[in-house]
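Numbers here are sequence positions counted from 1.
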Amino acid sequence: QVQLVESGGGSVQAGGALILACAASGYTSTYTCMGWFRQAPGKEREGVAAIYESGQSSYYADFVKGRFTISRDNAKNTVYLQMNSLKPEDTAMYYCAARGICTPSKIWGFLTWGQGTQVTVSS
């Protein structure tokens, strides 16, 4: 049974940084692509970034390009999201997802989701 657990969320001031981590219970070929999503109150869930099993980045949302970086360590079965220059509008619950399909312009079809970790950015 595959499982994802996010960590690293917290509260920071605008301009600060956080690193989120997503630990997988086991590495499997079904982890075709892994991604980070977020959802703010009253808003739809949106894709943030995604990465292939090879470690090559696949997708970044326009609103995070130049500020966020996705990476993975397959030996540790962990995917990271380094978030710099955080803005109040980045406040949301951030979710890790696995077993999805990823292209530079679209990510979809993720079958496994973590419980989420809260990120709060104050002005």
Side-chain angles (χ1 to χ4, degrees):
Q1 185 73 24
V2 63
Q3 183 175 340
L4 304 175
V5 179
E6 301 97 331
S7 63
S11 299
V12 298
Q13 295 288 114
L18 287 172
I19 301 176
L20 307 184
C22 172
S25 62
Y27 193 84
T28 173
S29 61
T30 61
Y31 290 5
T32 305
C33 182
M34 296 187 67
W36 287 96
F37 293 76
R38 71 185 189 186
Q39 186 169 23
K43 300 183 67 176
E44 296 291 327
R45 183 174 61 193
E46 59 187 353
V48 176
I51 189 168
Y52 295 117
E53 288 182 280
S54 66
Q56 294 180 312
S57 60
S58 174
Y59 170 86
Y60 284 107
D62 288 341
F63 57 81
V64 304
K65 288 181 178 178
R67 299 190 298 125
F68 292 8
T69 302
I70 189 169
S71 63
R72 70 188 297 164
D73 185 339
N74 289 340
K76 297 180 179 179
N77 295 335
T78 302
V79 175
Y80 303 92
L81 184 68
Q82 183 173 343
M83 306 186 295
N84 299 322
S85 302
L86 284 162
K87 305 174 181 179
E89 52 263 44
D90 293 320
T91 296
M93 184 72 74
Y94 283 71
Y95 298 91
C96 177
R99 304 170 65 199
I101 301 172
C102 303
T103 72
S105 60
K106 183 181 179 181
I107 55 177
W108 76 99
F110 289 85
L111 301 178
T112 303
W113 295 81
Q115 293 294 306
T117 185
Q118 178 68 38
V119 172
T120 301
V121 184
S122 60
S123 60

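- Under a 3.5 Å cut-off, the side chain of Y60 and the backbone N or O of I70 do form a donor-acceptor pair.
- One finds the CE atom of M83 at 5.5 Å from the OH atom of Y94 (value rounded to the nearest 0.5 Å).
- At a threshold of 4.5 Å between side-chain heavy atoms, the hydrophobic network of Ile, Leu, Val, Met, Phe, Trp and Tyr places Y95 and I51 in two separate groups.
- Here SG of C102 is found 3.5 Å from CZ of F110. Values are rounded to the nearest 0.5 Å.
- Under the 30°/60° scheme for interplanar angles, the aromatic rings of W113 and F37 are found to be tilted.
- No option in V48, T69, I19 other than V48 meets the side chain to side chain contact (heavy atoms under 4.5 Å, CB included) test with L81.
- Annotation for A24 and L4: closest pair CB-CD2, 3.8 Å, computed over non-hydrogen atoms.
- Counting non-hydrogen atoms of neighbouring residues, nucleotides and ligands closer than 6.0 angstrom, the CD atom of Q115 reaches no more than 12 such neighbours.
- For the atom pair CE (M34) and CD1 (I107), the distance works out to 12.0 Å, reported to the nearest 0.5 Å.
- Between the side chain of R99 and the main chain of T112, no donor-acceptor pair closer than 3.5 Å is present.
- Residues T78 and A21 share a closest heavy-atom pair of CG2-CB, 4.2 Å.
- Formation of a donor-acceptor pair under 3.5 Å by the E6 side chain with backbone atoms of C96 is found in this model.
- Scanning both residues, T103 and Y59, for their nearest heavy atoms gives O-CB, 3.5 Å.
- One finds the CG atom of L86 at 11.0 Å from the OG atom of S11 (value rounded to the nearest 0.5 Å).
- Looking at heavy atoms from C-beta onward, E53 lies in side-chain contact with R72 at the 4.5 angstrom threshold.
- With hydrogens and angles disregarded, a donor-acceptor distance shorter than 3.5 Å links the side chain of T91 to the backbone of V121.
- In this structure, CD on E44 lies 7.0 Å from CD on Q39, to the nearest 0.5 angstrom.
- The minimum heavy-atom distance linking R38 with A92 is given by the pair CB-CB, 3.9 Å.
- Between F63 and G47 the shortest heavy-atom distance is CZ-O, 3.8 Å.
- Taken to the nearest 0.5 Å, the OG atom of S123 stands 14.0 Å off from the NZ atom of K87.
- Note on V64 and Y80: separate hydrophobic clusters, where clusters join Ile, Leu, Val, Met, Phe, Trp and Tyr whose side-chain heavy atoms are under 4.5 Å apart, directly or indirectly.
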Criterion side chain to side chain contact (heavy atoms under 4.5 Å, CB included) on V119 and L20, from CA distance to verdict: CA-CA 9 Å; V119 172; L20 307 184; 4.0 Å; yes
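- Between A17 and N84, the shortest heavy-atom contact is CB-OD1, 3.5 Å.
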